[in-house]
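One structure below.
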Amino acid sequence: MLLQNGIPTTEDLETRIPPKERLAKGPVVMIECFQEIPCNPCNTACKQGAIQEFKDINDKPEIDYDNCTGCGLCVSKCPGLAIFIIDETYSDKEATVSLPYEFLPLPKEGQEVDLLDRGGNKVSQGKVVKIRNGKYEDRTPVITVAVPKELSMVVRNIRVGGDGK
Ligand code: SF4
Ligand code: SF4
């Protein structure tokens, strides 16, 4: 339950999953922001017009998925760490999930890590394929990890130094 433990329900998530047709075209944003809070850096970070202009600062983000290029520039700008990029076209058996990661140590590209669900439970292992950690990310690195395709809507965190090493 979102209000009790911060974990969204299936019903919450259904309102945030990009359309199947868009997921089939390549990387796309998924914003797991469910509460009305005075916050809009996701909107200002997106130069493609994919995150609609907020009428009120408390609005929840509304997405135009056709405008989203999957560039990922919004991920590190969300103070709620609620933005992910999903690429279900990565390979036959794997998708990638790009996620904000503020723990140390950072993994290295090519490293196997534990894949965690929204509750922090290990669901699999996967390889880090990309790390963005420049000036733009401003201490919120964005880690892209390959995950079994069927877990693209499940994996939302990683653990470095677990069984996956
Ligand atoms: S991934 Fe890029 S295009 Fe898509 S919403 Fe984020 S900033 Fe905009
Ligand atoms: S920046 Fe993050 S927390 Fe703030 S409105 Fe956008 S998605 Fe929600």
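What you see is a predicted model; the values in this text were computed from it and never measured. Atoms within a ligand are numbered from 1 in the order they appear, just like the ligands themselves.
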Give a yes or no on this: more than 12 heavy atoms of other residues, nucleotides or ligands lie within 6.0 Å of atom OH of Y136. yes
For atom 4 (Fe) of ligand 2, decide whether C39 has an N, O or S atom at a distance under 2.8 Å.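 C39 does place an N, O or S atom closer than 2.8 Å to atom 4 (Fe) of ligand 2.
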Answer yes when E94 and K127 have at least one side-chain N-carboxylate O distance shorter than 4.0 Å, and no when they do not. no
Got the closest protein heavy atom to [atom], with its distance?
atom	answer
atom 6 (Fe) of ligand 1	C74 SG, 2.3 Å
atom 2 (Fe) of ligand 2	C78 SG, 2.3 Å
atom 4 (Fe) of ligand 1	C68 SG, 2.4 Å
atom 1 (S) of ligand 1	G72 N, 3.2 Å
atom 8 (Fe) of ligand 2	C33 SG, 2.4 Å

Out of all atoms in ligand 1, which are within 4.0 Å of some heavy atom of C46? Include the element for each. 3 (S), 5 (S), 7 (S), 8 (Fe)
The atoms of ligand 1 lying under 4.0 Å from a heavy atom of Q48, numbered in the order shown, are 3 (S)
Hey, are the side chains of E88 and K20 touching, using non-hydrogen atoms and a 4.5 Å cut-off? no
Are side-chain heavy atoms of E21 and Y65 found at a separation under 4.5 Å? no
Measure from the side-chain N and O atoms of [X] to the backbone N and O of [Y], and report whether any donor-acceptor pair falls under 3.5 Å.
X	Y	value
N157	R118	no
E14	E11	no
K149	S91	yes

Checking contacts here: is it the side chain or the backbone of I85 that comes within 4.0 Å of ligand 1, counting heavy atoms only? Could be both or neither.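 It is the side chain that touches ligand 1; the backbone stays farther off.
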With atoms numbered from 1 as shown, which atoms in ligand 2 lie under 4.0 angstrom from a non-hydrogen atom of [X]?
X	value
P79	1 (S)
I37	3 (S)
I31	7 (S)

N/O/S atom of C71 inside 2.8 Å of atom 2 (Fe) of ligand 1, strictly under: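 Yes - counting backbone and side chain alike, C71 has an N, O or S atom under 2.8 Å.
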Could you establish whether A82 and ligand 2 come within less than 4.0 Å of each other, counting only heavy atoms on the residue side?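 Per 4.0 Å heavy-atom rule, A82 does not contact ligand 2.
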To the closest 0.5 Å, what do you measure between CE (M30) and CD1 (I86)? 6.5 Å
Would you give the length of the straight line joining atom CZ of R139 to atom CD of E102, rounded to the nearest 0.5 angstrom? 9.5 Å
Pick one of side chain, backbone, both or neither for how I51 approaches ligand 2, counting any non-hydrogen atom pair under 4.0 Å.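 Under 4.0 Å from ligand 2, I51 contributes no heavy atoms.
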Trace of the side-chain contact (heavy atoms from CB on, under 4.5 Å) decision for I31 with I51: CA-CA 10 Å; I31 300 193; I51 301 177; 3.7 Å; yes
